[in-house]
Amino acid sequence: MPPQKDIVKIAIQMPGAYPQLIDLDQKKPLSTVIKEVCDGWNINAPEKHALQYTDGIQTYITESNRLDIKNGSILRLTTAPGRCADQLYTGIQNLNTDVKCDSLKQLAGISTDVTFAQEFINRDGHALLVDIVERGSE
């Protein structure tokens with residue numbers, strides 16, 4: 001069993017499911033932790049999911065910031081940043097004004113997260129936003 005200093009007791013939430021209370025082993029790869037959480041809820045494709053803080057700035061949990069997780073933290077199982085970037089990139093190009101508006105609202109809320117921002121920029125999402133502003137599109 002790993003030393004206690006490497007174990008953090010946390011809760012993981014997902015809409016429509018009972019929270020999971022887990023002992024997070026900080027030495028275990030994050031992808032393995034996410035797979036175990038997904039298995040606990042019978043969710044396929046754990047690679048399409050990620051963990052995110054539920055309070056304050058809802059940042060994604062990555063290998064580089066996971067050591068900031070404290071005992072008693074509450075995390076949420078959510079869409080992986082790359083998948084979220086794909087969905088919002090597609091949404092802001094949608095001809096339906098409601099879909100475009102909802103996507104832009106979601107983008108405004110999540111764009112402060114560095115992990116998400118990198119994924120969105122990798123898809124040239126920033127260039128798409130500049131184009132929308134320059135054209136004066138809704």
Side-chain angles (χ1 to χ4, degrees):
M1 181 155 165
Q4 284 300 101
K5 66 179 182 148
D6 295 332
I7 302 293
V8 182
K9 295 181 181 294
I10 62 168
I12 301 178
Q13 299 175 333
M14 183 182 79
Y18 289 108
Q20 293 185 33
L21 303 175
I22 67 168
D23 291 340
L24 174 64
D25 181 354
Q26 292 285 29
K27 299 292 185 188
K28 190 182 292 186
L30 196 53
S31 59
T32 302
V33 173
I34 292 169
K35 182 181 181 332
E36 290 171 356
V37 169
C38 287
D39 288 348
W41 280 317
N42 296 318
I43 296 172
N44 295 324
E47 67 279 359
K48 294 182 178 180
H49 295 83
L51 296 175
Q52 191 177 45
Y53 286 105
T54 59
D55 55 349
I57 299 174
Q58 299 173 4
T59 56
Y60 281 100
I61 305 300
T62 64
E63 290 295 347
S64 61
N65 70 8
R66 68 182 290 170
L67 294 178
D68 296 336
I69 300 172
K70 307 288 184 230
N71 275 317
S73 292
I74 301 173
L75 306 179
R76 165 181 42 241
L77 185 68
T78 190
T79 306
R83 185 172 180 213
C84 184
D86 284 339
Q87 291 169 344
L88 293 180
Y89 185 85
T90 301
I92 62 177
Q93 296 178 81
N94 197 299
L95 297 177
N96 182 317
T97 306
D98 291 337
V99 172
K100 184 182 285 191
C101 187
D102 286 344
S103 296
L104 287 168
K105 285 178 186 176
Q106 289 177 35
L107 180 62
I110 197 169
S111 62
T112 58
D113 183 275
V114 173
T115 304
F116 170 81
Q118 288 172 334
E119 293 289 341
F120 193 72
I121 289 167
N122 288 345
R123 289 157 179 76
D124 286 330
H126 61 298
L128 179 59
L129 292 174
V130 168
D131 185 53
I132 289 171
V133 171
E134 287 178 344
R135 284 190 325 217
S137 299
E138 295 177 7

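This one's a predicted model, so the numbers in the text were calculated from it and none came from an experiment.
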Undergrad: With Asp124, which residues qualify under salt bridge (charged side-chain N to carboxylate O under 4.0 Å, His left out), at least two apart?
TA: none
Undergrad: If you compare all heavy atoms of Ala50 against all heavy atoms of Ala80, which two are closest, and at what distance to 0.1 Å?
TA: CB-CA, 3.8 Å
Undergrad: To the closest 0.5 Å, what do you measure between OG (Ser73) and CG (Asp55)?
TA: 7.5 Å
Undergrad: With rounding to the nearest 0.5 angstrom, report the NE2 to CZ distance, His49 to Arg76.
TA: 13.0 Å
Undergrad: Looking only at non-hydrogen atoms, find the nearest pair between Gly82 and Arg123 and report the distance.
TA: O-NH2, 3.2 Å
Undergrad: For Met14, what are the other residues in its hydrophobic cluster, where any two members join if their side-chain heavy atoms are less than 4.5 angstrom apart?
TA: Val8, Ile10, Ile12, Ile22, Leu24, Leu30, Val33, Ile34, Val37, Trp41, Ile43, Leu51, Tyr53, Ile61, Ile69, Leu75, Leu77
Undergrad: What's the spacing between Cys84 SG and Lys48 NZ if we round to 0.5 Å?
TA: 14.0 Å
Undergrad: Is it the case that the side chain of Gln58 and the backbone of Gln52 share a donor-acceptor pair, with hydrogens and angles ignored and the cut-off at 3.5 Å?
TA: no
Undergrad: For residues Thr59 and Thr112, determine if any side-chain heavy atom of one lies less than 4.5 Å from a side-chain heavy atom of the other.
TA: no
Undergrad: I'd like to know whether CG of Asn44 has more than 12 heavy-atom contacts from other residues, nucleotides or ligands below 6.0 angstrom.
TA: no
Undergrad: Can you list the residues that meet the salt bridge (charged side-chain N to carboxylate O under 4.0 Å, His left out) rule with Lys28, with sequence neighbours excluded?
TA: Glu36
Undergrad: Give a yes or no on whether the backbone of Ile74 and the side-chain of Thr54 come within a donor-acceptor separation of less than 3.5 Å.
TA: yes
Undergrad: Test question: given the 4.5 Å side-chain rule for I, L, V, M, F, W and Y, name all other residues clustered with Val130, or answer none.
TA: none
Undergrad: Could you tell me which residues satisfy side-chain hydrogen bond (donor to acceptor under 3.5 Å, both in side chains) with Thr32, sequence neighbours excluded, listed by chain and number?
TA: none
Undergrad: Between CD1 of Ile7 and CG of Asp25, what distance do you get to the nearest 0.5 Å?
TA: 4.0 Å
Undergrad: If we ignore hydrogens and angles and just use 3.5 Å, is the side chain of Asn65 paired with the main-chain N or O of Tyr60 as donor and acceptor?
TA: yes
Undergrad: For a quick test of your reading: what N or O donor-acceptor pairs under 3.5 Å do the side chains of residues 87-96 make, sequence neighbours left out?
TA:
residue	atom	partner	partner atom	Å
Thr90	OG1	Asp86	O	3.0
Gln93	NE2	Tyr89	O	3.0
Asn94	OD1	Asn96	N	2.7
Asn96	OD1	Asp98	N	2.8
Asn96	OD1	Val99	N	3.3

Undergrad: Does Thr115 reach the side chain of Phe120, with side-chain heavy atoms less than 4.5 Å apart?
TA: no
Undergrad: Do Leu128 and Ile110 sit in one hydrophobic cluster, given that two such residues count as connected whenever their side-chain heavy atoms are within less than 4.5 Å of each other, even indirectly?
TA: yes
Undergrad: Let me confirm one number: the CD-OG distance from Glu63 to Ser31, rounded to the nearest 0.5 Å.
TA: 7.0 Å
Undergrad: Distance check, rounded to the nearest 0.5 Å: Asp39 atom CG versus Gln20 atom CD?
TA: 9.5 Å
Undergrad: Keeping Asn122 on the side-chain end and Gln118 on the backbone end, is there a donor-acceptor pair under 3.5 Å?
TA: yes
Undergrad: Can you check side-chain contact (heavy atoms from CB on, under 4.5 Å) on Phe116 and Ile121, steps first, answer last?
TA: CA-CA 9 Å; Phe116 170 81; Ile121 289 167; over 6 Å; no
